[in-house]
Amino acid sequence: MNELPTLVASMNWNLLRTFHVIAEEKSITRAAQRLALRQPSVSQSLQRLEETLGVQLVERNSRNFLLTTNGELVAKHCAEIFQSVTRLSDQIAADEDVTIGLLRLSIVSHLQSALVDESIRLAHERHPSVTWRIDVANSSDIVRQVAQEVLPIGVCLLMKPVVGLDCRLLCREEFAIFCGREHPLFGAGDVSVASLQQESFVAFTCATDGGGFEPMAMLRSGSGLGQRVVGSSSNLEEVRRMIMSGLGIGVLPVAAVEQDVAAGTIHALPTLEGMIGADVYMVTNPNVELRPVERVYLGIVDELLALAQP
């Protein structure tokens, strides 16, 4: 390995810093005051730097402070050095706890959202050292955990924003009423919601236990469906399984069962009242001081929301 040049190897960088202040203040006395040092110490540092460089940096015989030609050159390079150090310090401070650490999200099951997908992709592209933890929960649990300051960021389905929480509207998810191949209504055309109210119903557990935040409960109660519940589960896959097995009709996200519809194992009952749906929100608690990594991620979400505006 080649040895560093003698000047670099022997340089005391504190001497350069002292000279940088001397040059800025244009006075050894003022430099000493700024550095909180005694004037003789500053003069001695100047002399040691001149000895190290082998040149005179300050004209000592002048009544006014005056840098020599070499002094001007060294002062210029000192300014560049310490400007670079300042920029480096600012960049490190700006990225502290942002490019490292855990980013935790809780997302409602089987959510289809191009914006959420792009926010995760973009955050990883910009901050590849961030580690991710994405949990799945129903909307009621997500809202409760965010409200109780257990969870920093949640993505859930809501019929309307929750009072006391910051709710970012991301997109709308469409739902439909489905039945399985064995059900008498399989393949039926337009039906009225009223005609379905007495049908056996497969419900999400959160829609049967008074989960007020869960859109499944509101979609069901608003349409008067599910007066006779024959099966329930908190898991979308199990609700889907019971519907496909012919237990009854039920409400499911359209995007989650597209392949089943295409395969002919489940059928969406088109209603005369049109599509039903719920809005997808990203929720946070304004009383919680988010970590830098979480604030940066929310900034990316806001950036994408702004781009999505017509």
Using distance only, find each side-chain donor-acceptor pair of residues 298-305 under 3.5 Å and give its atom names and separation, not counting sequence neighbours.
from: Asp302; atom 1: OD1; to: Arg168; atom 2: NE; distance (Å): 2.7
from: Asp302; atom 1: OD2; to: Arg168; atom 2: NH2; distance (Å): 3.2
from: Glu303; atom 1: OE1; to: Arg126; atom 2: NH1; distance (Å): 3.0
from: Glu303; atom 1: OE1; to: Arg126; atom 2: NH2; distance (Å): 3.3
from: Glu303; atom 1: OE2; to: Arg126; atom 2: NH2; distance (Å): 2.8

* Test item: Ser43 side-chain N/O and Pro40 main-chain N/O as donor-acceptor pair under 3.5 Å -> no

* To do: Using a 4.5 Å cut-off on heavy atoms from C-beta on, say whether the side chain of Ser45 contacts that of Asn14.
  => no

* Asked: For the atom pair CD (Gln56) and OG1 (Thr69), what is the distance rounded to the nearest 0.5 Å?
  -> 11.0 Å

* Side chains of Arg34 and Glu24 in contact at under 4.5 Å (non-hydrogen atoms) -> yes

* Residue list, side chain to side chain donor-acceptor pair (under 3.5 Å) with Arg133, at least two apart or on another chain -> Asp135

* Which residues share a ring-ring contact (aromatic ring centres under 6.0 Å, His included) with Phe178, sequence neighbours left out -> none

* Asked: Taking all atoms of both residues into account, what is the closest heavy-atom pair of Phe186 and Gly180, and its distance?
  -> CD1-O, 3.2 Å

* Between Ser200 and Arg228, does a side chain to side chain donor-acceptor pair (under 3.5 Å) hold up when you go through it step by step? -> CA-CA 5 Å; Ser200 299; Arg228 189 163 69 92; 2.4 Å; yes

* Closest contact, heavy atoms only, Pro152 versus Thr284 -> O-CG2, 3.5 Å

* **Spacing of Ile107 atom CD1 and Ile142 atom CD1 [to the nearest 0.5 Å]** => 8.0 Å

* Asked: Of all heavy-atom pairs between Gly154 and Val146, which one has the smallest distance, and what is that distance?
  -> N-CG2, 4.1 Å

* Do the side chains of Val150 and Val143 join up, straight or via other hydrophobic residues, at under 4.5 Å, putting them in one cluster? -> no

* Around atom CD of Glu51, are there more than 12 heavy atoms of other residues, nucleotides or ligands at under 6.0 Å? -> yes

* Asked: Heavy-atom distance under 4.5 Å between the side chains of Val283 and Leu158, does that happen here?
  -> yes

* After noting the C-alpha distance and the side-chain angles of Val42 and Val21, does the key distance pass the side chain to side chain contact (heavy atoms under 4.5 Å, CB included) rule? -> CA-CA 10 Å; Val42 175; Val21 176; over 6 Å; no

* Asked: If only atom types and distance count, is the side chain of Ser139 paired as donor or acceptor with the main-chain N or O of Leu157 below 3.5 Å?
  -> yes

* Side chain of Glu294, backbone of Arg291: donor and acceptor closer than 3.5 Å? -> yes

* Asked: With the 4.5 Å side-chain cut-off for hydrophobic clustering, are Ile22 and Leu67 part of the same group?
  -> yes

* Do Arg121 and Glu118 meet the salt-bridge criterion of a basic N to acidic O distance under 4.0 Å? -> yes

* To do: Could you tell me whether a side-chain N or O of Glu50 sits under 3.5 Å from a main-chain N or O of Leu57, the two making a donor and an acceptor?
  => yes

* Do Val130 and Ile134 share a hydrophobic cluster (ILVMFWY, side-chain heavy atoms under 4.5 Å, transitive)? -> yes

* Side-chain heavy-atom pair His267, Arg181 within 4.5 angstrom cut-off -> no

* Run the numbers on Gln112 and Val254 for side chain to side chain contact (heavy atoms under 4.5 Å, CB included), then give the verdict. => CA-CA 10 Å; Gln112 302 290 321; Val254 172; over 6 Å; no

* To do: Please answer: with hydrophobic residues joined when any side-chain heavy atoms are less than 4.5 Å apart, are Leu290 and Val116 in the same cluster?
  => yes

* To do: Measure the spacing between CZ of Arg104 and CG of Leu151 and express it to the nearest 0.5 Å.
  => 5.0 Å

* Spacing of Thr265 atom OG1 and Met244 atom CE [to the nearest 0.5 Å] -> 3.5 Å

* Asked: Can you name the residues that form a side chain to side chain donor-acceptor pair (under 3.5 Å) with Glu238, not counting sequence neighbours?
  -> Arg241

* Asked: Is Leu170 close to Tyr281 at the side-chain level, that is, under 4.5 Å between some pair of heavy atoms?
  -> no

* Would Leu46 and Val58 satisfy side chain to side chain contact (heavy atoms under 4.5 Å, CB included), going step by step from the backbone distance to the final call? -> CA-CA 9 Å; Leu46 173 61; Val58 176; 3.9 Å; yes

* Should Leu73 and Leu49 be regarded as members of a common hydrophobic cluster, given that ILVMFWY residues are connected when their side-chain heavy atoms come within less than 4.5 Å of each other, either directly or indirectly? -> no

* Report, as yes or no, whether the 6.0 Å neighbourhood of atom CZ on Arg30 holds more than 12 heavy atoms from other residues, nucleotides or ligands. => yes

* **Test side chain to side chain donor-acceptor pair (under 3.5 Å) applied to Gln44 - qualifying residues, sequence neighbours left out** => none

* How close do Met242 and Ser233 get, heavy atom to heavy atom, and via which atoms? -> CE-CB, 4.0 Å

* Structure fact -> From the list Leu252, Val251, Leu247, side chain to side chain contact (heavy atoms under 4.5 Å, CB included) with Val239 holds only for Leu252

* **Candidate pair Leu185 and Leu196, rule side chain to side chain contact (heavy atoms under 4.5 Å, CB included), full reasoning** => CA-CA 10 Å; Leu185 289 174; Leu196 301 175; 3.6 Å; yes

* **From Ile153 atom CD1 to Tyr297 atom OH, the distance as rounded to the nearest 0.5 Å** => 7.0 Å

* Structure fact -> By salt bridge (Lys or Arg N to Asp or Glu O under 4.0 Å), Glu258 pairs with (sequence neighbours left out) none

* How close do Asn285 and Ala147 get, heavy atom to heavy atom, and via which atoms? -> ND2-O, 3.2 Å

* Asked: Backbone N or O of Val191 within a donor-acceptor pair of the Thr271 side chain at under 3.5 Å?
  -> no

* **Reported NE2-to-CG distance for the pair His127 and Leu122, which is rounded to 0.5 angstrom** => 8.5 Å

* Asked: CD of Glu149: more than 12 outside heavy atoms within 6.0 angstrom?
  -> yes

* Closest contact, heavy atoms only, Gly250 versus Ile243 -> CA-CD1, 3.6 Å

